[in-house]
Amino acid sequence: MAELSHPKVEIAQPDTWVDRYGNYLFAYAMSRLRNREAASDCVQDTFLAGIKSLDRFDGSRDIKFWLRGIMHNKIVDQIRKSIKENKVNIDNEDEALLESFWFRYSGIATTNPEPWQFNPRKAYDNTEFWDVFKTCIDQVKEPARQAFVLRMLEDLKTEEVCKVMDITPNYLWVLLHRARQQLKVALEQKWTGKDVK
Amino acid sequence: MLTCKQVSNTLSEEDYEKLSPLRKCLLKLHVKLCIFCGTFNRQVMDNQDMCRHFMAHEESSPNQAALDEDKKDELKALLAAHSTGVKED
């Protein structure tokens, strides 16, 4: 059977990028960085990097996704820069968690976590839920929020996150656990009552 | 059969939906049956599901945040200057 090559898509020229993709990329950066200035800088850096390497774009997919790929790297760079300015330090409570029986035996924080006060799966089709979700992620304290963004939303591997944040894999586990806890509590506070059971 | 530590380590490293069918099956079975790590790791998996759905929602819904008009004008001027520079090279 003959192999189908990817059809080439029309490449939008750089002078159209701001109108076509500016808000899309800005919204993406805002959801990760939570700071308008940093997000705007990311958009600018992404477009400039895109122009510089446009000759290497093969046109096999919408350029919007290629630019988003560049932006992913810029977001990671922004977080790395922010971490350098505020070094991540493990505290006594986190050290105690890593020394706990359940973590050492099973890699967990507790055998009996609090159950969800609502069924989140029932909310996935509700746009309002995702607005609340974004707000709740924004409320997670740093550096747990940054770890969560890098690992869960930007899909970096453990080693990559540890390198960016200059932390050990065990401490990354603690940060992600803290982020999940805070996110769950925030979602339950903001969403409970709105869910139709 | 997987140990609790293996399940927890796997969930720390990977999205369970992206595991091979066999590994996913063994992991889900352990989480379903284990009285020690089951409840905790189910919530880790719930969180992975939630993030996956969030990212799908992000792609499919209209932008809510928007660049300031001033910034847009600034970017357009910058891109025009850089594009011109590239063409001249």
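None of these values were measured; they are calculated from a predicted model. Within every chain, numbering begins at 1; the chains are lettered A, B, ... in the order of the sequence lines, protein sequences first and strands thereafter.
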With clusters defined by side-chain heavy atoms of hydrophobic residues (ILVMFWY) lying less than 4.5 Å apart, directly or transitively, does B:Met1 cluster with B:Leu22? no
Please round to the nearest 0.5 Å and tell me the distance separating atom SG of B:Cys51 and atom CG of A:Leu183. 7.0 Å
Walk me through whether B:Met50 and A:Leu187 qualify under side chain to side chain contact (heavy atoms under 4.5 Å, CB included). CA-CA 12 Å; B:Met50 201 178 287; A:Leu187 279 171; 3.6 Å; yes
Do A:Phe26 and A:Leu48 belong to the same hydrophobic cluster, where Ile, Leu, Val, Met, Phe, Trp and Tyr are linked whenever their side-chain heavy atoms lie under 4.5 Å apart, directly or via other members? no
Has the side chain of A:Asn23 got a donor or acceptor atom that lies under 3.5 Å from a matching backbone atom of B:Leu67? yes
Enter the distance from B:Cys34:SG to A:Ile108:CD1 here, rounded to the nearest 0.5 Å. 7.5 Å
Do the ring centers of A:Phe129 and B:His53 come within less than 6.0 Å of each other? no
Which distance, rounded to the nearest 0.5 Å, do you find between the CG of B:Asp46 and the CZ of A:Arg180? 10.5 Å
List the steps, then state whether salt bridge (charged side-chain N to carboxylate O under 4.0 Å, His left out) holds for A:Lys134 with B:Glu58. CA-CA 10 Å; A:Lys134 264 189 273 191; B:Glu58 268 194 316; 5.9 Å; no
Give a yes or no on whether A:Phe133 and A:Val185 share a hydrophobic cluster (residues Ile, Leu, Val, Met, Phe, Trp, Tyr; joining criterion: side-chain heavy atoms under 4.5 Å apart). no
Tell me, yes or no, whether the heavy-atom count around A:Asp91 atom CG, taken from other residues, nucleotides or ligands under 6.0 Å, exceeds 12. yes
For A:Asn92, is the CG atom crowded, meaning more than 12 foreign heavy atoms sit under 6.0 Å from it? no
Region of A:Asp131 in contact with chain B, defined by heavy-atom distances below 4.5 Å: side chain
Based on non-hydrogen pairs under 4.5 Å, which of A:Ser40, A:Gly22, A:Pro14 is most in contact with chain B? A:Ser40
Given that the side chain runs from C-beta out, which part of B:Asp68 has a heavy atom under 4.5 Å from chain A: side chain, backbone, both or neither? both
Pull out the residues in residues 109-116 of chain A that come under 4.5 Å of chain B, heavy atom to heavy atom, sorted by number. A:Ala109, A:Thr110, A:Thr111, A:Pro113, A:Glu114, A:Pro115, A:Trp116
Is B:Ile35 reachable from B:Leu33 through a run of hydrophobic residues whose side-chain heavy atoms are each under 4.5 Å from the next? no
Name the atoms and distances for all side-chain donor-acceptor pairs under 3.5 Å in residues 70-81 of chain B, with sequence neighbours left out.
| unit_1 | atom_1 | unit_2 | atom_2 | d |
| --- | --- | --- | --- | --- |
| B:Lys71 | NZ | A:Gln44 | OE1 | 3.0 |
| B:Lys71 | NZ | B:Glu74 | OE2 | 3.2 |
| B:Lys76 | NZ | A:Asp19 | OD1 | 3.0 |
| B:Lys76 | NZ | A:Asp19 | OD2 | 3.2 |

Closest approach of A:Trp173 and B:Ser12, non-hydrogen atoms and distance? CD1-OG, 3.4 Å
Those residues of residues 96-106 of chain A that come under 4.5 Å of chain B on a heavy-atom basis, listed by number, are A:Trp102, A:Phe103, A:Arg104, A:Tyr105, A:Ser106
Take atom CD in B:Glu17; do more than 12 heavy atoms of anything else shown fall under 6.0 Å from it? yes
Verify same cluster id: B:Phe40, B:Leu29 (apolar side-chain graph, 4.5 Å): no
Using a heavy-atom distance cut-off of less than 4.5 Å, which residues of residues 145-164 of chain A contact chain B? A:Phe148, A:Arg151, A:Met152, A:Leu153, A:Asp155, A:Thr158, A:Glu159
Do A:Tyr24 and B:Glu59 meet the criterion of a side-chain donor-acceptor pair at a distance under 3.5 Å? yes
Turns out that what part of A:Thr127 lies under 4.5 Å from chain B's heavy atoms comes down to both
